[in-house]
Every structure is written in C-alpha cells, then in structure tokens.
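What follows is one structure encoded as structure tokens, with my remarks underneath.
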Amino acid sequence: MSNMDPDASMPPAHRFGGAYLLALWQTLCMQSSGKLKWLLAPSWGDVAFAVRSAFAAGLSLVIAMGMEMDSPQWAPLTVWVVAQSSRGESLSKARWRIAGTVLGCCVAVGLIAALPQSPALFFGVLACWIGLCCGMATFLEGYKAYGLVLTGFTSAIVATGAIMQPDQVFDIALSRGTYIVLGVVCEALLALLFMPGLHARARARLKTRLDAAQALVRKRVDCLVEGHPTTELDQSPLLSELTAAGSRIEYDALEAGGYGHMADHARAALAGLLVLLARAEGLATLKLLPADKVPTSIRKDEWAVREHVEACLTHRRGDHFRFRIRSRRHALEAVENGVRACAGILVGWLLWEVTAWPSGPTFMSLLALVYGLLATRENPVVASAPFFRGAVWCVLVAGVYVTLVLPALNTPEMLVLLMMVPMVIGGLAACNPATAGYAFSFNMFLPVLMGPNNQGRYDEVSFLNASLAFLGAVLVAGWTYRTVLPFRPDSHMLRTARWSSRRLQGLASANSRVSVYQWLSGNADSLVRIMRNAQGIALPRRNAFARQQFSGMVSGMHVILLRELALAPTTPPAVQRALRAFLRHWEHDDGTLVTRQAASTARWLERQVAHMPPQQQEIFEHALVSLRLLACAQPVDLP
C-alpha cells in the first residue's frame, strides 16, 4: 500500500482539478515573486541604502525626543527628504535644503509680523509667495529648484504653525530650522559610516559613465559610417543616456572631492559627444561619410572629447576651465506652475475658513508641503497618483502603530526599533522605479502621522484628524494639478516646436551668443523630457516631433558655425560678405528661398576654396559642408 499513488483512488476529474489549481498557484507565486523582487531579493546596494536611511531617521528621532523638542517627527521627515542612493545627491540636496529653510523661516517671521490680524490678506500674500517660488523653480535645475520650492513651503509650515500663537513665531521658526539641521547631520553621519572609500569609487563611477557615453556615440557613428538606416526617433534613447549622464555629473563630482574643474570638463565632454553625433548625422545626410576613412572633423571632435575626459580625471594646477549649460525652460510653464500652487493654497484656505476645521493649520502646512514636493516634477499630474497611493499606505501603517504599538511603549528606543521594519521596507521600495512614487510619500510622512512625543501620544481622534488633513492635502493638490491649467504633453510639444523654430532663425543674428554646446544640449534635453511624457501621443506625431527637433539641432549647429566664421577676423572679406548675406536670409526668410540661397552660396564658396592656400582650405571646406547641408534641410510640420 505504501507504494501506491495517493491520488490513485481519486476520480480523474478531481486529479485534473488538483493539478490545475497547483499549476495556477505556482504561476501566481512566480508572478508575485517577480513583482516583489525588490522586497524578496533586493540588491546589497538597495539594502544598504534602506538600512542606512532608516537608521538615520531613527537616530534623528531619538535625539529630537532626547532634546525635548515639541515636534520631533519633523527630524526623520528631513532624513527621508535628503536621503538619496547617491552620496553626491544627498550632499547637494542637503545644502540647498538648509539654505531654503533659513530663507523660508525668515519670510515666515516677516509675514506673521506684518499681517497678524488679517487672515485673508495673510493667506493671499502667502499663496502668491508660494506660487512665485514654484514658478521661479521651473527655471532652475536639480536641487537648486528644490531649494527655492522649499523656501515657499517652509514659510507656510512656520507661518501656519504660528497662526494661533503669533508671538511664538520666532521660536517656532528656530525649532523647525533645528529639525532640518538635525536630520541633515544624522543622514550625513550615517552615510559617511556606510560609504568608506567614497572618493575613489566616485571617480571610478564618473570614468565609467563617461566611457559608456563615448562607447554609445561611437557605436552610433559607426552605424552612420556603415550606412545603416535609422529614424530620428531612434536618437531618443541615446540622447536620454547622454542627458542622464549629464544630470549625474554634479553629484559624482561632489562625491569625488569636487575640485572645481572636474564637473566642468565632464560637462564639456558630454557636450562634445553631442557635437560629434550631430556632425556625423549631417555628414551622413550628405553622404560624405566614407566607409574606409573617418573625416578629419569627426577625428577632431573625438580628440577634444578625450582631452576633456582626461582633464576631468586628472587634477591640474592652474586649471580655470569653466563650462556651464542651462537647459531651456518655457516661461508659460513657470506661470502655470505658479498659478496652480497659488490657486491650491487659496482653495485650501477657503475650505478651512468655511468649515472652521480644528485641523486647519495642519491641513494648510501639509498642503503647502505637498505642492513643494510635486512642483518640480516634469509631470505633476502623473506624479500625484502614486503619491496618493503611498499616502494611503502610510495612513494604514501609521494607524496600526498608533492604536496597537505606541500604547505599549514607554521609551523612544523601542519605538525606533519597531519602526525600523516599515522604514526599511519603504527604503527598499524607494530604490525600485515601479514603487518609488509610493515610497516618496510613505517614507516622509510615516513619522509625522505617528506623532511621537515625550509628553503624550496621539489618541485615535487626533490621529484620524491628522490623517484626514494629510489625505485631504494630497487630494486637493492632485485635483488642482488636474483642473487648474493641467499639464498637457501635446501642447507642450507644440510650444517646444515653435520655440525651436524661432530660436533656429535667431541663431543667424550677429548679436546671438548661443554656442554650439548650448544649442545642442538645450534641444537634446527638451527632446528627452517630452519623449518621457509623450506616451499618450500618437506615434506619427511623436515621430514628426523627433524628426523636427533633431533636424533643428543639426541645422542650428551648422548655422552657428557659419555665424562664427563670418565674424572671425581671419576670414577673407569677400567670404564674410557672402556668409553674412546668407545669414540675413536665414534670419528673415524660410522655406525654399533660404535653401536656394544656401545652395548658391555653397557653389560660390566652392569656387573660392579652390584658389585658397592649403591651410585655409580645410576650414572653409567645413563651411562648405554646412551650406550644403542647410541647402538640403526641409521644414517639418507637426500633424
């Protein structure tokens, strides 16, 4: 009997059903394990970041409670705000956070002092100030934008916290600033302990990043030399890699010790790769890329890139090289961003005014904070949805702790020990792109909703009021982003196309100061930003936009080269006059007239080059190539 199949006595239908259920269960387990890989099988780097950040948040909370601070939960919130997987990002974000906090506290004290008994005027001025900060942040990059936004919502947090006791505004501002500094110091201390050998690893990572970018561009140039057909949309992944590498350079340089020339040479190397790519595309268009020999202009670009990479990784005394590039920003986007934030603050104040909600100050503080956190996102509408889901998870977990865990504790150390579990899980979720939006709100607001305090604890009613204020703030912010001048990728794409066309004509002006690097980098950044948010736009329209943008990038580079040659004192007067005449046509005409002018100027210049000295021929042959390419350029209209 022991050798018999235990399922032999079962009817065939039952055996089939059992096998089906087992297979279904195994399939579900495999699917869930894939989705939960970030939690069940994380990398060592993700574990190190999660444990480090959770421990830093717990340490800041213990210190804040040991110092008898009135709202110690703001210290771990600061830790999660500045905590980044890259040490350079953390350093950059921390310094701008401290600067924004100091300025925001000063503005809050001034608002309370100037308008203590005029609530309507007070909130009107506060809404305009926050809208101004959010709008101006649109013109900044990286954590500089975050620092300006932080100034606005810090003003709101301090000012609304002092509404009921305006004579204590200075003390409240001082305590908020203390929480910020404490959180930054704790995160920095733990990062130093967890990251030995930071400088050497950062230099190695920077070299790897630059080498990878060179390899990608070299591969693309090889494809062009070999004559492989590609579309303009194929450039988007490559430009995305170059743009992402450019955004990481500042942080790598900070980690590597940050002597001044490092980031500048690295930026110049990436900009040189863009020039190399655009030049190769133009030569391929004219079929001037021979398979047996790389043109001299391509070799010179490659040599310049290698020089910058070497200078980036080698410290040289007396190196004063500086290289800065600013990506382009729409003024209309800045106005819309500011108007949305201003309208949201006014809507929040009206809700408080009409309902006389006792948790109104908390609601207004959190509303300003949510606007600050979402204002610098490329698409706040998309970012607000996972932010709200993370907020819901935050309320649920905090509710369990407030009702079941906190009543049984009497020491901050035990509280921090038990909080490590959700905080480490939140840290792991922050490292996973699919769950990072959830972790964004979960990690920061979990300590805030739990409200640990030396003098007491949240009761259920206080917790529910605080949770309702938090969820209400997230919902109002999300509603504002969806209804008040909502961000639309298609209209943004059309504005970018019009802006590129206007700027392309303006490049021919003798008064223009736009360099080749600035033109290529700004357009590449705009193209990458739009392609990231254009998934809902029809593919033909995306293709047309990518074709227009990349064609404009290549044409603009050659217009700038011709402009510089026309202004050079070593250029023969006859060539200067011919180039200036063509540039005037380019600046004021469009369509077939300017292409005919480019073709006729190219034919005239070809005759002149034949009689030039050998040392001048190479220079003006490059100008001849530029004119021929501009003669082939055709305007691209978006469907």
Side-chain angles (χ1 to χ4, degrees), residues 70-71 74-75 77-78 81-82 93-140 143-181 183-184 334 337-350 352-353 360-376 444-445 448 469-470 473 476-477 480:
D70 57 342
S71 300
W74 289 99
L77 180 144
T78 299
V81 168
V82 301
K93 196 171 187 179
R95 66 182 183 182
W96 289 108
R97 180 168 179 80
I98 292 177
T101 299
V102 172
L103 180 57
C105 289
C106 294
V107 172
V109 172
L111 282 175
I112 290 292
L115 306 167
Q117 303 295 331
S118 304
L121 186 58
F122 169 81
F123 279 103
V125 174
L126 180 64
C128 292
W129 168 247
I130 293 176
L132 178 64
C133 291
C134 291
M136 294 301 296
T138 309
F139 292 101
L140 301 178
Y143 293 123
K144 295 178 183 178
Y146 170 76
L148 185 57
V149 169
L150 179 72
T151 300
F153 72 70
T154 299
S155 305
I157 291 173
V158 174
T160 54
I163 285 178
M164 302 302 180
Q165 41 187 355
D167 56 331
Q168 301 294 321
V169 62
F170 181 78
D171 295 336
I172 294 174
L174 187 61
S175 66
R176 294 292 185 270
T178 305
Y179 301 142
I180 301 300
V181 174
V184 169
N337 210 3
V339 169
R340 280 194 297 261
C342 179
I345 296 298
L346 291 176
V347 168
W349 169 66
L350 288 175
W352 181 21
E353 185 75 14
T362 303
F363 169 71
M364 293 300 300
S365 299
L366 293 175
L367 180 61
L369 182 56
V370 172
Y371 274 118
L373 294 172
L374 297 178
T376 54
M444 285 187 291
F445 292 101
V448 175
F470 174 48
V476 169
T480 306

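Start at 1 with the first residue, then count along the sequence. Values reported hereafter were calculated over all heavy atoms of this structure, with side chains retained and with hydrogens, waters and symmetry mates removed.
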Minimum heavy-atom separation for [X] to [Y], with atom names?
X	Y	answer
Leu174	Thr178	O-OG1, 2.7 Å
Gly161	Ile172	O-CD1, 3.5 Å
Cys134	Val149	CA-CG2, 4.3 Å
Leu366	Ala469	CD1-C, 4.2 Å
Leu150	Trp96	CD2-O, 4.1 Å
Ala477	Val370	CB-CG1, 3.6 Å

TODO: Output yes when a side-chain donor or acceptor of Tyr179 lies under 3.5 Å from a complementary backbone atom of Ser71, and no otherwise.
DONE: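 Such a contact is found between Tyr179 side chain and Ser71 backbone.
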Side chains of [X] and [Y]: does their closest heavy-atom pair fall under 4.5 Å?
X	Y	answer
Met136	Leu132	yes
Val476	Phe363	yes
Met444	Leu369	no
Thr151	Trp129	yes
Trp349	Leu126	no
Arg176	Thr101	no
Ile130	Ser155	no

Task: Mutual orientation of the aromatic rings belonging to Phe123 and Trp352 [parallel < 30°, tilted 30-60°, perpendicular > 60°] - done: perpendicular
Task: Residue pairs involving residues 360-375 (criterion side chain to side chain donor-acceptor pair (under 3.5 Å); sequence neighbours excluded) - done: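 Found Thr160-Ser365, Tyr371-Thr480.
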Interatomic distance, [X] atom [atom1] to [Y] atom [atom2] [nearest 0.5 angstrom]:
X	Y	atom1	atom2	result
Gln168	Ile112	CD	CD1	12.0 Å
Met364	Ile157	CE	CD1	11.5 Å
Trp74	Ile180	CH2	CD1	8.5 Å
Ile98	Leu103	CD1	CG	14.0 Å

Indicate every side-chain donor-acceptor pair of residues 339-348 with a distance under 3.5 Å to a residue at least two apart or in another chain.
residue	atom	partner	partner atom	Å
Arg340	NH1	Leu485	O	2.5

Open item on the list: Evaluate Val448 against Phe470 for side chain to side chain contact (heavy atoms under 4.5 Å, CB included), listing each step before the verdict.
Closed with: CA-CA 10 Å; Val448 175; Phe470 174 48; over 6 Å; no
